[in-house]
Q: 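Sharing a structure below in structure tokens format, with a few things to ask.
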Amino acid sequence: MRVLLTGGAGFIGSHIALLLLERGFDVIILDSFVNSSSIVINRIKTFLQNKDLKSKFEYIKGDIRDKNILDNIFIKSIKECKPIDTVIHLAGLKSVSDSLTNPLHYWDVNVRGTLNLLLSMKEYECYSLVFSSSATIYGLSDSVPMSEDHKILPINPYGQTKVAIENMFYDLFNSNIKLWKICSLRYFNPVGAHSSGLIGEDPVGIPNNLFPFLTQVAIGRQKILKVFGDDWDTKDGSGVRDYIHIIDLADGHLASIDYLNSNDSCLEFINLGSGHGYSVFQIIRQFELTTGRKIPFSIQGRRDGDVAKCYADISKAKKLLGWTPKRSLEQICLDGWNWQIKNPNGYC
Ligand code: NAD
Ligand code: WQD
């Protein structure tokens with residue numbers, strides 16, 4: 001089977017790429033490298049050599065907003081008699097704060113880019129899609145655990161673009177072409193790294209998210225972790241989130257491909273999380289325990305747009321995809337730290 005993986009050089013995409021290749025898929029990565037490094041591609045190639053994998057791997061540097069590039073990928077694969085069976089679409093922009101400053105850019109990349117992709121898919125009769133949606137679409141509510149039926153109320157342009165894309169899926173599914181098969185996966189907080197330490201999360205600039213910030217404090221790239229609030233209505237006052245090991249998340253995509261392959265026309269919105277809520281203080285404690293590194297932190301005021309608690313009800317993913325996250329918080333800390341010590345300055 002051949003998979004087109006947009007955004008495959010990014011944090012989540014690179015991990016999905018390894019899993020796909022390991023399981024014998026042909027993989028074409030399309031990425032503009034606007035938020036990733038081309039070194040990722042070399043790391044994927046190293047992985048293939050180490051494992052003596054014969055799978056075919058290609059990458060193309062390009063923008064999903066460029067329809068010619070997309071069309072050419074589909075045309076070439078048809079000419080090679082190996083048409084693309086499924087698209088896993090991750091290419092897009094993901095910073096909440098940046099989206100507040102540059103909303104039109106987010107609509108352009110995320111929404112227009114996805115529209116372009118869907119147009120090419122339709123033109124070249126590839127109707128099977130796995131998409132990277134986000135728990136951010138559930139907005140400011142903290143009634144947990146959150147199921148897929150939870151009210152959709154995005155509170156920033158980034159979240160709005162994910163909702164707009166999901167709405168496109170509704171329209172496609174309800175159209176008279178009864179061929180579309182779509183899983184829109186709503187990720188919670190993907191963290192950790194591949195256990196090889198070859199690939200991991202390498203945010204550009206100062207990390208916005210807890211886990212990469214924490215590992216950078218541990219390695220000495222950041223001085224002190226700011227804890228955004230210790231007065232939330234949670235067990236210890238710090239914010240509670242659903243941290244899922246990146247490999248468990250990646251596995252959810254393979255399970256989704258299996259699901260799409262064994263079903264006719266379908267559209268499913270599916271939470272991917274661990275199903276557990278951990279507080280910031282719990283994360284710090286577990287990281288210290290696992291790695292033996294002390295994490296200096298200071299309590300700050302609450303961050304704008306945060307909620308007290310956000311974690312997933314994952315019963316739909318379990319039932320529909322036969323998928324269960326397997327890796328513990330300890331494993332997350334172990335693998336995340338292994339990546340950070342092997343790559344103290346990220347990909348460079
Ligand atoms: P990432 O930034 O590491 O990866 C996204 C990749 O897309 C990058 O390699 C980037 O260069 C590429 N890209 C961006 N714009 C592009 C364009 N116009 N054309 C081609 N490539 C382009 O982010 P990630 O964490 O791997 O997230 C992947 C997807 O999952 C995103 O769509 C994101 O919104 C979604 N998501 C991420 C999280 C998270 O916490 N990481 C949570 C929920 C949803
Ligand atoms: C987790 C907890 C913070 C940093 C974000 C996006 C969301 C999704 C995933 C894409 C919160 C606290 C954080 C720090 C802290 N991405 N924190 N100090 O906010 O759940 O979700 O990433 O779709 O859209 O909003 O994740 O890692 O930023 O925060 O105390 O330096 O850690 O307040 O309680 P969040 P996060």
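Atoms within a ligand are numbered from 1 in the order they appear, just like the ligands themselves. Computed from a prediction, not measured in an experiment: that's the story for all the values here.
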Q: Could you find the nearest protein heavy atom to atom 4 (O) of ligand 1 and give me its residue, atom name and distance?
A: Gly10 CA, 3.4 Å
Q: Asp202 side chain to Tyr347 main-chain N or O, any donor-acceptor pair under 3.5 Å?
A: yes
Q: Between Phe169 and Phe131, what is the ring plane arrangement, given parallel below 30°, perpendicular above 60°, and tilted in between?
A: perpendicular
Q: Would you call Asp108-Arg65 a salt bridge at under 4.0 Å N-O?
A: yes
Q: Which residue supplies the protein heavy atom nearest to atom 3 (O) of ligand 1, what is that atom called, and how far is it?
A: Phe11 N, 2.9 Å
Q: Just by distance, no angles: are the side chains of Asn343 and Arg43 close enough, under 3.5 Å, to form a donor-acceptor pair?
A: yes
Q: Using a 4.0 Å heavy-atom cut-off, which part of Val34 comes near ligand 1: side chain, backbone, both, or neither?
A: both
Q: Side chains of Gln331 and Asp335: any donor to acceptor distance under 3.5 Å?
A: yes
Q: Considering distance alone, does some N or O of Tyr187 sit under 3.5 Å from an N or O of ligand 1?
A: no
Q: Nearest to atom 34 (O) of ligand 1, what protein heavy atom do you find, and at what distance?
A: Tyr158 OH, 2.6 Å
Q: With the threshold set at under 4.0 angstrom, would you say Ser133 reaches ligand 1 through any of its heavy atoms?
A: yes
Q: Nearest protein heavy atom to atom 12 (C) of ligand 1, by residue and atom, and its distance?
A: Asp31 OD1, 3.3 Å
Q: Give yes if a backbone or side-chain nitrogen or oxygen of Lys94 is under 3.5 Å from a nitrogen or oxygen of ligand 1, and no if not.
A: yes
Q: Could you verify whether a donor N or O on one side chain and an acceptor N or O on the other, from Thr161 and Asn110, lie under 3.5 Å apart?
A: yes
Q: Show me which atoms of ligand 1 lie under 4.0 Å from any heavy atom of Ala9.
A: 9 (O)
Q: Short N/O distance, under 3.5 Å, between Ile64 and ligand 1?
A: yes
Q: What is the closest protein heavy atom to atom 5 (C) of ligand 1, and at what distance does it sit?
A: Gly92 O, 3.9 Å
Q: For atom 1 (P) of ligand 1, which candidate among Thr114, Leu249, Asn35 provides the closest heavy atom?
A: Asn35
Q: Roughly how far, to the nearest 0.5 Å, is the CD1 atom of Ile257 from the NZ atom of Lys181?
A: 11.5 Å
Q: Checking Tyr106 against Asp98: is there a side-chain donor and acceptor pair closer than 3.5 Å?
A: yes
Q: Side chains of Asp71 and Ser120: do they bring a donor and an acceptor to under 3.5 Å?
A: yes
Q: In this structure, does ligand 1 have an atom that sits under 4.0 Å from one of the heavy atoms of Asn189?
A: no
Q: Does Arg302 make a cation-pi contact with Trp232, if we ask for NZ or CZ under 6.0 Å from the ring centre and within 45° of the axis?
A: yes
Q: For ligand 1, which atoms, with element, lie under 4.0 Å from some heavy atom of Ser134?
A: 43 (C), 44 (C)
Q: Looking at atom 16 (C) of ligand 1, what's its closest protein heavy atom, distance included?
A: Ser32 OG, 3.5 Å
Q: Does the side chain of Ser133 pick up a donor-acceptor pair with the side chain of Glu166 at under 3.5 Å?
A: yes
Q: For atom 31 (C) of ligand 1, what is the nearest protein heavy atom, given as residue, atom name and distance?
A: Leu90 O, 3.3 Å
Q: If you have a sec, work out which protein heavy atom is nearest atom 37 (C) of ligand 1 and how many Å separate them, to one decimal?
A: Ile12 CD1, 3.7 Å
Q: Run the contact test for Pro190 against ligand 1 with a 4.0 Å cut-off on heavy atoms, strictly below, and give the result.
A: yes
Q: Scan for ring-ring contact (aromatic ring centres under 6.0 Å, His included) pairs involving residues 285-317, sequence neighbours excluded, and state none if there are none.
A: Phe281-Phe297, Phe287-Trp337
Q: Under a 4.0 angstrom heavy-atom cut-off, which atoms of ligand 1 come close to Val109?
A: 15 (N), 18 (N)
Q: Check whether the side chains of Tyr127 and Asp85 place a donor and an acceptor atom closer than 3.5 Å, and report yes or no.
A: no
Q: Under a heavy-atom criterion of less than 4.0 Å, does Lys162 contact ligand 1?
A: yes
Q: Using a strict cut-off of 4.0 Å, indicate which atoms of ligand 1 neighbour a heavy atom of Phe33.
A: 11 (O)
Q: Relative to each other, are the rings of Phe74 and Tyr124 parallel, tilted or perpendicular (30° and 60° limits)?
A: parallel
Q: Which pairs of nitrogen or oxygen atoms, taken one from ligand 2 and one from the protein, are under 3.5 angstrom apart?
A:
| unit_1 | atom_1 | unit_2 | atom_2 | d |
| --- | --- | --- | --- | --- |
| ligand 2 | 18 (N) | Lys226 | O | 2.6 |
| ligand 2 | 19 (O) | Arg303 | NH2 | 2.8 |
| ligand 2 | 20 (O) | Asn189 | ND2 | 3.1 |
| ligand 2 | 20 (O) | Arg241 | NE | 2.6 |
| ligand 2 | 22 (O) | Asn209 | ND2 | 3.2 |
| ligand 2 | 23 (O) | Ser134 | OG | 2.7 |
| ligand 2 | 23 (O) | Tyr158 | OH | 2.6 |
| ligand 2 | 24 (O) | Thr136 | OG1 | 3.3 |
| ligand 2 | 26 (O) | Asn189 | ND2 | 3.1 |
| ligand 2 | 27 (O) | Leu210 | N | 2.8 |
| ligand 2 | 28 (O) | Asn209 | ND2 | 2.9 |
| ligand 2 | 28 (O) | Arg303 | NH1 | 3.2 |
| ligand 2 | 28 (O) | Arg303 | NH2 | 2.9 |
| ligand 2 | 29 (O) | Arg303 | NH2 | 3.4 |
| ligand 2 | 30 (O) | Lys226 | O | 3.3 |
| ligand 2 | 30 (O) | Phe228 | N | 2.9 |
| ligand 2 | 33 (O) | Asp306 | OD2 | 2.5 |

Q: Of the non-hydrogen atoms in Arg2 and Ser77, which two are nearest, and what is the gap between them?
A: NH1-CB, 3.3 Å
Q: Restricting to non-hydrogen atoms, name the atom on Val111 and the atom on Ala164 that form the minimum distance, rounded to 0.1 Å.
A: CG2-CB, 4.1 Å
Q: Return yes if a side-chain donor-acceptor contact under 3.5 Å exists between Ser132 and His89, otherwise no.
A: no
Q: Ser36 heavy atoms, cut-off 4.0 Å: which ligand 1 atoms fall inside?
A: 8 (C), 9 (O), 11 (O)
Q: Can a side-chain donor-acceptor contact be found between Ser274 and Asp242 if the only test is distance below 3.5 angstrom?
A: yes
Q: Please state whether Gly62 comes within less than 4.0 angstrom of ligand 1, counting heavy atoms only.
A: yes
Q: Can you name the atoms of ligand 1, numbered from 1 with element, that are less than 4.0 Å from a heavy atom of Gly7?
A: 6 (C), 7 (O)
